[in-house]
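Predicted, not measured: the structure shown is a model, and the values here were computed from it.
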Amino acid sequence: MDRKPFTTIHHLDDVTPHISFELGFVVSRRESYTVVDYVYTTDDSFAHAIARECRGLKFDHTGKIIARPFHKFFNLGEKERPEEIDWLRPHVVLDKLDGSMIHPALVDGELVFMTRMGITPQAQLAQRHASPDVLKLSAAMIDRGITPMFEFTSPDNRIVVAYERPELTLLAARHIVGGDYLTSAELADIGAKFAVPVVRAMAAVEDIHAFVDESRREEGIEGYVIAFEDGHRIKLKTDGYVLRHKALAGLQLEKNVVELVAARAVDDMLPLLKTDIAQHLKIYEAKLLGGVSRHAAEISAFVEQNRGLERKDFAQRTMKEWDRRLTGIVFAALDGRNPQDGMMKLLAAAGQSQSRVDGIRDLFNMTWNVDVLGLPELEA
C-alpha cells in the first residue's frame with residue numbers, strides 16, 4: 001500500500017484530472033458547493049492517491065476545498081494481507097460506530113453539516129441534534145483549517161446496530177489542505193476541551209490473528225477501525241454485521257426483494273431487519289403471494305371449465321381471454337402442472353432484473369417505495 005504522505009489539495013482543479021466517471025467518480029455541482037465522490041468502483045478506481053481522497057470532498061463555488069472527510073480505506077484483507085502489515089508501527093484500535101458519518105463545513109459563511117453526499121436529510125437531522133459544544137468544536141476546527149468528523153447515531157438513524165439516544169461522537173479530524181490526520185491523543189484532547197464524546201481508543205494489536213478471530217465473533221457492534229498514526233486505516237467488521245448490512249443493501253433494489261419472495265426466503269431475512277422494515281417486507285410479500293394464489297386459482301378454474309375442448313379450441317380461447325404473460329402457465333396447467341408453481345417461476349424470472357420486475361408490475365399491483373421505507377444511507 002502507498003505509505004506516502006497525503007496529497008495536498010487546494011482546488012477542485014487539483015482533483016478532476018485524476019478521476020473519471022468510467023472509474024466510478026462523479027462531480028456533483030450544487031448551488032453553493034461541489035461534492036466529489038464515487039458511486040461505483042472498478043479494480044482501478046483507487047489506484048491514484050487523489051482518487052482515494054474522493055469520498056465526499058467538498059469545494060466552494062470558486063472551487064476552493066472546504067472539507068476533507070475520510071479518505072477511502074479498506075477492509076482487512078481486501079488490499080493487503082494481515083502478515084503484510086507492520087503491526088509495530090504506532091496505532092490504536094477504534095470502535096467502528098454504526099451510524100452516519102457527519103462533518104461540518106462553511107458554505108457561504110454558514111456552518112452546515114454534511115454527509116459524504118452533501119447536505120442530506122441525515123446531515124440535517126444530525127445538525128438539529130448537535131449540542132452547543134459540538135457546534136463550538138466544529139467552528140473552532142474549521143477556523144484552524146481542519147475537518148472534524150463525527151458519527152451520528154440515533155434511534156431514528158439506525159443502520160444495523162440500535163442506539164438508545166441521538167449522539168454525535170468525534171471520530172477523527174484532518175487538515176483540509178494537507179490531509180494529515182490528528183493523532184488519537186490530539187483528538188482526545190480536543191474532545192476533552194469541548195466536552196464532546198470521542199470514539200473509544202484501545203491498545204495496539206499484539207496478535208492480529210487472535211484479534212480477527214475474536215472480533216468477527218462479537219455481536220451488537222459493527223466492528224473496529226485500526227488507525228495508524230501516519231493516517232493509514234483498516235476496518236474490520238463482525239460477521240453478524242456484514243450479514244445484516246448485506247440484507248439492507250439488497251433491499252435497495254426491488255428485483256432483489258422479488259427474488260427473495262420467489263425463493264421463499266423472506267422469513268430468513270426478517271430477523272436481520274428492524275421492525276418497520278421487516279413489516280414493510282412482509283406486506284410486500286403478502287401482496288405478491290396473494291397475487292400468485294389469485295392468478296393460480298383463476299387459471300385452475302379456467303382449465304377445469306374448458307378441459308373438454310379440443311386443444312386447438314382451448315388454445316384459441318386461452319389466447320383470447322388470458323394475458324400473454326400467463327398463457328404458458330395456462331397451457332402447463334392443462335398438461336397437469338400446478339399453476340401455483342408456474343406463477344412462482346414467473347416471479348423468480350422477474351427477479352433477475354429490474355426491467356423484468358417492471359414487466360409484471362401490473363399483474364400484482366407491486367409497489368416497492370424505498371423513499372417511504374426510509375432505508376438508511378449505507379457506507380461503501
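- Taken together through direct or relayed side-chain contacts under 4.5 Å among Ile, Leu, Val, Met, Phe, Trp and Tyr, Val36 and Val112 form parts of separate hydrophobic clusters.
- The two residues Ile176 and Ala67 come nearest to each other via the heavy atoms CG2-N, 4.0 Å.
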> Checking side-chain contact (heavy atoms from CB on, under 4.5 Å) for the pair Val27/Phe59: CA distance, chi angles, key distance, verdict?
Replying inline: CA-CA 10 Å; Val27 179; Phe59 302 86; over 6 Å; no

Determine all donor-acceptor pairs shorter than 3.5 Å in which one atom belongs to a side chain in residues 191-212; sequence neighbours excluded.
from: Arg200; atom 1: NE; to: Asp95; atom 2: OD2; distance (Å): 2.9
from: Arg200; atom 1: NH2; to: Asp95; atom 2: OD1; distance (Å): 3.0
from: Asp207; atom 1: OD1; to: His209; atom 2: N; distance (Å): 3.2
from: Asp207; atom 1: OD1; to: Ala210; atom 2: N; distance (Å): 3.2

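- Expressed to the nearest 0.5 Å, how far CD1 of Ile102 lies from CG of Leu171 amounts to 10.0 Å.
- In this view, His48 and His18 satisfy the ring-ring contact (aromatic ring centres under 6.0 Å, His included) rule, not counting sequence neighbours.
- Judged by distance alone, the side chain of Glu151 and the main-chain N or O of Gly99 form a donor-acceptor pair under 3.5 Å.
- Note that the OG1 atom of Thr34 and the CD1 atom of Ile65 stand 11.5 Å from one another [nearest 0.5 Å].
- The minimum heavy-atom distance linking Leu94 with Val92 is given by the pair CD2-CG2, 3.7 Å.
- Between Cys54 and Leu57 there is a side-chain heavy-atom pair separated by less than 4.5 Å.
- A donor-acceptor pair under 3.5 Å is formed between the side chain of Lys58 and the backbone N or O of Arg116.
- Salt bridge Glu310/Lys312: absent, no basic N to carboxylate O contact under 4.0 Å.
- Here the shortest heavy-atom pairing between Ile299 and Ala333 reads CG2-CB, 3.9 Å.
- Taking each heavy atom of Leu111 and Pro104 in turn, the nearest pair found is CD1-CB, 3.7 Å.
- Between the side chain of Asp14 and the backbone N or O of His10, at least one donor-acceptor pair lies under 3.5 Å.
- Val93 is not listed as a side-chain neighbour of Leu236, based on a closest heavy-atom distance of 4.5 Å or more.
- Criterion: ILVMFWY side-chain heavy atoms under 4.5 Å apart, direct or through other members. Under it, Leu363 and Ile283 are not part of a common hydrophobic cluster.
- Below 30°, between 30° and 60°, or above 60°: for His71 and Phe73 the angle between ring planes is between 30° and 60°, a tilted geometry.
- Shown here are the ring-ring contact (aromatic ring centres under 6.0 Å, His included) partners of Phe113, two or more places apart in sequence or in another chain: there are none.
- For the pair His295 and Ile329, the minimum side-chain heavy-atom distance is 4.5 Å or more.
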>> Run the side-chain contact (heavy atoms from CB on, under 4.5 Å) test on Arg30 and Val107 for me, step by step, so that the C-alpha distance in whole Å, both residues' side-chain angles and the decisive distance to 0.1 Å come before the verdict.
In response: CA-CA 11 Å; Arg30 314 289 164 74; Val107 176; over 6 Å; no

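- Asp213 is linked by a side chain to side chain donor-acceptor pair (under 3.5 Å) to nothing, counting only residues two or more places apart in sequence or in another chain.
- No donor-acceptor pair closer than 3.5 Å links the side chain of His103 to the backbone N or O of Met101.
- Considering every non-hydrogen atom in both Ser293 and Gln340, the closest pair reads OG-NE2, 3.6 Å.
- Defined by atom type and a distance below 3.5 Å, a donor-acceptor pair is missing between the side-chain atoms of Thr115 and Ser100.
- A cation-pi arrangement, defined by a distance under 6.0 Å to the six-membered ring centre and an angle within 45 degrees of its axis, is absent between Lys287 and Phe364.
- Proximity of a side-chain donor or acceptor of Arg68 to a complementary backbone N or O of Val177 within less than 3.5 Å is detected.
- Within a 6.0 Å radius of CZ in Arg324, other residues, nucleotides and ligands contribute 12 heavy atoms or fewer.
- For the pair Tyr40 (side chain) and Glu22 (backbone), a donor-acceptor distance under 3.5 Å is present.
- Distance check, rounded to the nearest 0.5 Å: CG of Leu260 to CG of Leu347 gives 12.0 Å.
- The local environment of CZ in Arg144 is sparse, with at most 12 non-hydrogen atoms from other residues, nucleotides or ligands closer than 6.0 Å.
- Under the 4.5 Å side-chain contact rule for hydrophobic residues, Val39 and Met117 do not share a cluster.
- At a threshold of 4.5 Å between side-chain heavy atoms, the hydrophobic network of Ile, Leu, Val, Met, Phe, Trp and Tyr places Ile66 and Val15 in two separate groups.
- Among residues two or more places apart in sequence or in another chain, the side-chain contact (heavy atoms from CB on, under 4.5 Å) test is passed with Ala172 by Phe70, Met149, Tyr181, Arg233.
- Under the 4.5 Å side-chain contact rule for hydrophobic residues, Val35 and Tyr38 do not share a cluster.
- Residues forming a side chain to side chain donor-acceptor pair (under 3.5 Å) with Glu298 (at least two apart in sequence, or on another chain): none.
- The side chain to side chain donor-acceptor pair (under 3.5 Å) check on Thr42 picks up Ser45, with sequence neighbours excluded.
- The side-chain heavy atoms of Trp87 and Ile226, taken from C-beta on, include a pair separated by under 4.5 Å.
- The closest side-chain heavy-atom distance from Asp108 to His61 is below 4.5 Å.
- At least one donor-acceptor pair closer than 3.5 Å links the side chain of Arg174 to the backbone N or O of Pro69.
- Looking at heavy atoms from C-beta onward, Ile190 lies in side-chain contact with Met141 at the 4.5 angstrom threshold.
- Taking the side-chain contact (heavy atoms from CB on, under 4.5 Å) definition, one finds that Glu254 meets it with Val258, Tyr284, Gln354, Val357, Arg361, Met366, Trp368, sequence neighbours left out.
- Contact check on Lys282 versus Glu285 returns no salt bridge, with no Lys/Arg side-chain nitrogen under 4.0 Å from an Asp/Glu carboxylate oxygen.
- For the pair His232/Glu80, a side-chain contact is recorded, criterion being any heavy-atom separation below 4.5 Å from C-beta on.
- Listed by first and then second residue, the ring-ring contact (aromatic ring centres under 6.0 Å, His included) pairs involving residues 320-356 are Phe302-Trp322 (not counting sequence neighbours).
- Looking at every heavy atom in both residues, Arg307 comes nearest to Leu334 through NH1-O, 3.4 Å.
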>> Between Phe46 and Lys79, is the side-chain contact (heavy atoms from CB on, under 4.5 Å) condition met? List the steps.
In response: CA-CA 11 Å; Phe46 301 109; Lys79 293 293 183 181; 5.8 Å; no

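- Listed by chain and residue number, nothing satisfies the side chain to side chain donor-acceptor pair (under 3.5 Å) test with Asp133 (two or more places apart in sequence, or in another chain).
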>> What verdict does the side-chain contact (heavy atoms from CB on, under 4.5 Å) test give for Leu106 and Asp60, after you've listed the backbone C-alpha separation in whole Å, the side-chain angles of each residue and the deciding distance to 0.1 Å?
In response: CA-CA 9 Å; Leu106 276 184; Asp60 69 13; over 6 Å; no

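- When the side-chain contact (heavy atoms from CB on, under 4.5 Å) test is applied to Leu253, the partners found at least two apart in sequence or on another chain are Lys255, Asn256.
- When the shell of 6.0 Å around CZ of Arg29 is examined, it contains 12 or fewer heavy atoms from other residues, nucleotides or ligands.
- Side-chain contact between Gln122 and Phe152: absent, with no pair of heavy atoms (C-beta onward) separated by less than 4.5 Å.
- Taking a 6.0 Å sphere around CZ of Phe21, one finds it holds 12 or fewer heavy atoms contributed by other residues, nucleotides or ligands.
- Under the side-chain contact (heavy atoms from CB on, under 4.5 Å) criterion, Asp335 pairs with Arg311, Arg337, sequence neighbours left out.
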